[in-house]
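These notes are about the structure you will find just below.
Atoms considered below: every heavy atom in the structure, side chains included; atoms not considered: hydrogens, waters and symmetry mates. Each ligand, and each atom within it, is numbered from 1 in the order the structure gives.
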Amino acid sequence: MAPDRDAAARMFGLDGRVAIVTGASSGLGASVAGALASVGARVAVVARRQDRLAELAKEIDGLAVACDLSDPDRVGSVVPAVVEGLGPPEILVNAAGNMFTTEPAECEPPDAIRRTMDLNLVAPFLLAQAVFPHMRALGRGSIVNVSSISGRVGVPGIPQASYAASKAGLSGLTAELAVQWARHSIRVNTVAPGFFRSEITGPLYESERAAEYLRRNTPLPMEGTAQDIVGAVVWLAGDAAGYVTGQTVVVDGGWTAR
Ligand SMILES: NC(=O)c1ccc[n+]([C@@H]2O[C@H](COP(=O)([O-])OP(=O)(O)OC[C@H]3O[C@@H](n4cnc5c(N)ncnc54)[C@H](OP(=O)(O)O)[C@@H]3O)[C@@H](O)[C@H]2O)c1
């Protein structure tokens, strides 16, 4: 029998599927939005910076939806705007996230703890709730949350207690939603990146000492990039991962394997 040379490409194709990518004005979210569009998805890009979103939306023939996701009262505006502009969403990638304090745990201000939770954990949960009825009606859906290895292990020398708690919360949310929504063929997974250069981690890489610390603790001999994480997100978004749900996939160059 002749090999079906297009079979793998079909498994990773997302022709015509509507996707929402948060945090798409820079870094990982922007790379994911571009990659999903390149395999056929119609992508709504969400973040605060309207100018960057408009530029990316034009490039990928998508839709820009500006929203401050750290305000739970505003998160509800995102999905209706996507439904009106592109149609019902079948893919949601929660990549927006930030760190609001680098104080040691015992000194983290309550306000920073709350802001971290609102953006990194509450917003992905609210967005998942908002896409749920559309995915249920379609009979399928894929939600991919972006957490961090700091949701799994402590990182010596880089204090981030509330950030770690918010990211670990995403893995718990992922497993629970996966089980509750499996009957509707809605899959929910998390990708946990190690370190890569972006706006958030920029200051870390500016210090040669910190950059050397990251190199020393990463078994693979090269620096991670947003593109290294994109593959896992695209895989989880589509049919290639059709039997994968409730999982946290770590993409960290081996950091947590030591
Ligand atoms: N870089 C790393 O080493 C690393 C490691 C582990 C996990 N991560 C996670 O990966 C994800 C992407 O981060 P990145 O490294 O690509 O950083 P990034 O370039 O700083 O991207 C963060 C994105 O989140 C958006 N965002 C921040 N606050 C927002 C708000 N209040 N409302 C809406 N959007 C908001 C930003 O857009 P606006 O500023 O335009 O709103 C931006 O698009 C994050 O969840 C991060 O925690 C990163």
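Contact annotation for Ala24 and ligand 1: only backbone heavy atoms (N, CA, C, O) come within less than 4.0 Å of the ligand. Within the 4.0 Å heavy-atom criterion, both parts of Leu28, backbone and side chain, lie near ligand 1. Residue Asn120 does not touch ligand 1, judged by heavy-atom distances below 4.0 Å. With a 4.0 Å heavy-atom cut-off, ligand 1 is reached by the side chain of Lys167 but not by its N, CA, C or O.
Closest heavy-atom approach to atom 2 (C) of ligand 1 among the candidates Phe100, Tyr205, Tyr163, Phe196: Phe196. Ranked by closest heavy atom to atom 12 (C) of ligand 1, the top entry among Gly97, Ala95, Ala66 is Ala95.
Under the 4.0 angstrom criterion for non-hydrogen atoms, Gly194 is in contact with ligand 1. Not close to ligand 1: Ser31, with no non-hydrogen atom less than 4.0 angstrom away. Using a 4.0 angstrom heavy-atom cutoff, Cys67 counts as in contact with ligand 1.
Nearest to atom 7 (C) of ligand 1 among the protein's heavy atoms is Ser147 O, 3.0 Å.
Near Phe195, meaning under 4.0 Å from any of its heavy atoms, are these atoms of ligand 1: 3 (O).
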When you look at Glu208 and Arg215, which way does the salt bridge (charged side-chain N to carboxylate O under 4.0 Å, His left out) test go after all the steps?
CA-CA 10 Å; Glu208 184 43 42; Arg215 276 195 293 275; 2.6 Å; yes

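By the 30° and 60° cut-offs, the orientation of the rings of Phe132 relative to His184 is perpendicular.
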